[in-house]
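On a predicted model such as this, the values are computed, not experimentally measured, just so you know. Along the sequence shown, the residues carry numbers beginning at 1.
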Amino acid sequence: MLKPGVRNIAYGASDFERIRTENRYYVDKTRFIPMLEENYYQFLIRPRRFGKSLWVSILETYYDITKKDRFENFFKGLWIGDHPTEERNSYLVLALNFSGVSSDIREVRTSFEAYCHIRIRGFLYRYRQFFTEQEIQKWNNPALPVATLLSDLFETCLQRELPLYLLIDEYDNFANTILSTAGTEAYHDLTHGEGFFRNFFTVLKEGTSHSGSGLKRLFITGVSPVTMDDVTSGFNIGSNLSLSPSLNAMVGFTREEVLEMLDYYQREGAFVQDRDETMDIFDEWYDGYQFAPGQRDSLYNTDMVVYYMRDCIQTGQPPYELLDQNIRIDYGKLRHLLLVSRQLNGNFDLLKNIMDTGQALSPIHTSFPLEHLTIPDNFMSLLYFFGLLTIEAEEMGDFHLKIPNRTIGLLMYEYLREAWRDVGTFRVELWKLRSLVRDMAWKGDWEPFFDFLAGAVAAQTSIRDYMKGEKVIQGFLLAYLHLNDFLLSHSERELGKGYADLFLEPFLLKYPEMSWGYLIELKYIKRDELTDTRLEQEITKAQTQLRQYLADDRLKQYPAHVTFTGIILVYHGWELVYRGAVQSMSST
């Protein structure tokens with residue numbers, strides 16, 4: 001229990017007014033409000049669970065003309081409370097969140113119309129002083145199409161000089177789900193031609209395309225530019241802020257903001273974990289995001305940090321699962337991008353190459369239609385907008401993209417496993433593999449894991465076409481070693497003036513009693529080059545390298561009960577032809 005007066009953690013909270021009135025912890029981002037006023041019609045793409053909905057709620061509260069008398073209640077002590085803009089509390093605000101619309105293709109239109117009517121009904125009640133009873137009665141007619149209603153409302157606001165601010169959160173939520181569940185034809189009907197969703201955005205385009213419009217401001221959030229491009233024929237509805245350097249930290253937490261949160265709860269006695277160890281976890285699992293080029297500092301995932309802090313404050317312990325299931329992008333939402341006629345396509349090869357190398361060089365396109373997702377640049381851009389890749393640097397006119405952190409790495413490996421399974425290329429008992437990794441970590445029994453995986457490959461011929469080259473073997477092993485968080489997998493870890501192919505580090509921060517860690521050296525012999533002499537040479541080379549890695553002083557800094565073992569794996573094509581260990585070393 002928190003002491004009286006201590007601010008509670010606001011996990012999953014996106015209602016700004018409740019956060020402020022219920023004394024919940026809020027990371028002040030209101031300094032970005034004046035920057036948003038520089039453009040009238042705006043579009044912001046960010047990954048899921050990064051704080052977009054909270055921003056919509058902040059803007060709704062800040063600009064609502066009916067809340068002018070309560071400005072101090074909500075904004076006192078915040079940056080914008082001391083630096084208000086001239087436009088504060090001067091708008092009629094209509095806020096829509098399309099996550100509330102059903103994604104069932106059989107009822108999506110009815111659900112969309114019903115949801116919008118409910119929200120507009122509340123809008124009319126809140127601002128009833130500005131409209132006649134006849135207008136309110138006409139617009140409250142549920143049979144009136146929403147597109148027609150909004151067009152009429154915009155025109156009325158124009159004639160009466162009533163500034164209207166329209167906020168749309170998760171604009172592409174149900175459209176993305178329909179695409180992944182009902183297919184491209186259903187999605188096309190929704191977003192092209194006379195589709196009701198396209199008609200809705202046609203009204204918005206008209207409201208933003210001529211001077212003197214009653215639609216004075218527009219702010220839209222989503223996770224992808226694809227639907228916007230499809231419903232507006234090329235994204236010409238406003239300014240896309242997604243790559244704006246000045247707004248990079250508008251969502252997500254900076255390192256200073258995370259440290260300030262930790263310090264606050266430690267001072268109040270609500271957070272008892274070691275501060276530095278906690279930041280080590282945050283750095284590896286939740287950090288690494290950059291949403292604009294030229295930024296020196298990366299950002300932490302908002303949801304994940306608050307998720308972790310919530311459990312620490314409520315239970316005194318970190319969460320059992322370091323990956324919050326709410327941030328997952330379901331594989332089903334990517335399946336249609338990776339498969340064609342039950343066959344893996346070029347996008348899968350791109351995804352696999354990213355996992356093999358950990359990076360990619362690509363432009364980022366902020367607008368492209370669905371049918372152009374087969375173009376590699378666009379697929380890479382979509383992975384960036386989903387938060388699966390992030391900007392590391394600009395290089396040769398393009399962006400150097402990377403996987404931001406271990407959390408996303410786990411998800412990406414999961415997509416590879418699911419795709420292989422989806423097309424029947426490779427199927428394996430994941431629960432069995434997990435138990436074998438557990439035995440590696442706690443008992444030192446490493447042979448059964450590699451034998452089981454090798455046996456599964458030998459029994460399934462389809463996977464063999466992929467098993468060509470040391471890097472491919474390494475990526476394949478990582479995809480299945482990442483099934484758990486017992487052993488943290490690192491590729492090309494620098495040790496002993498060399499680079500270990502795989503370093504399986506015991507996750508002692510979570511499992512302090514774990515006893516085993518591993519360094520793995522992979523060797524690959526092409527199909528026509530296997531001889532006894534060549535095999536012996538590769539084994540000898542691996543033994544020398546592993547002894548060098550195992551002698552690194554950094555391994556001796558682990559607790560005395562931890563033992564590191566060097567493992568040699570030699571592959572001939574897809575076949576594991578040798579496995580062995582060098583002398584194990586204690587960290588003492």
Measuring from Phe154:CZ to Leu94:CG, what's the distance to the nearest 0.5 Å?
7.5 Å
Going from NZ on Lys402 to CG on Leu388, what distance comes out if it is rounded to the nearest 0.5 angstrom?
14.5 Å
Is it possible for you to check whether Arg49 lies under 6.0 Å from the centre of the six-membered ring of Tyr11, through NZ or CZ, and within 45° of that ring's axis?
yes
Go through the steps for Thr254 and Asp297 under the test side chain to side chain contact (heavy atoms under 4.5 Å, CB included), then give the verdict.
CA-CA 8 Å; Thr254 65; Asp297 300 322; over 6 Å; no
Determine whether Ile391 and Leu401 satisfy the following criterion, side chain to side chain contact (heavy atoms under 4.5 Å, CB included), listing intermediate values before the conclusion.
CA-CA 5 Å; Ile391 297 172; Leu401 304 176; 4.1 Å; yes
Less than 6.0 angstrom separating the ring centers of [X] and [Y], yes or no?
| X | Y | value |
| --- | --- | --- |
| Phe379 | Phe368 | no |
| Tyr384 | Phe399 | no |
| Phe98 | Phe200 | yes |

Kindly indicate whether the side chain of [X], heavy atoms from C-beta on, has any atom under 4.5 Å from the side chain of [Y].
| X | Y | answer |
| --- | --- | --- |
| Ser489 | Leu504 | yes |
| Pro318 | Ile281 | no |
| Phe476 | Trp420 | yes |

Expected output: side-chain [X] to main-chain [Y] donor-acceptor under 3.5 Å:
| X | Y | value |
| --- | --- | --- |
| Ser57 | Ser53 | no |
| Asp276 | Met279 | no |
| Arg20 | Asn73 | no |

Indicate the ring-plane relationship of Tyr62 and Phe75, choosing parallel, tilted or perpendicular according to the 30° and 60° boundaries.
perpendicular
How are the rings of Phe112 and Phe196 set to each other: parallel, tilted or perpendicular (split at 30° and 60°)?
tilted
One pair to check against side chain to side chain contact (heavy atoms under 4.5 Å, CB included): Trp55 and Thr221. What are the steps and the verdict?
CA-CA 9 Å; Trp55 253 109; Thr221 77; over 6 Å; no
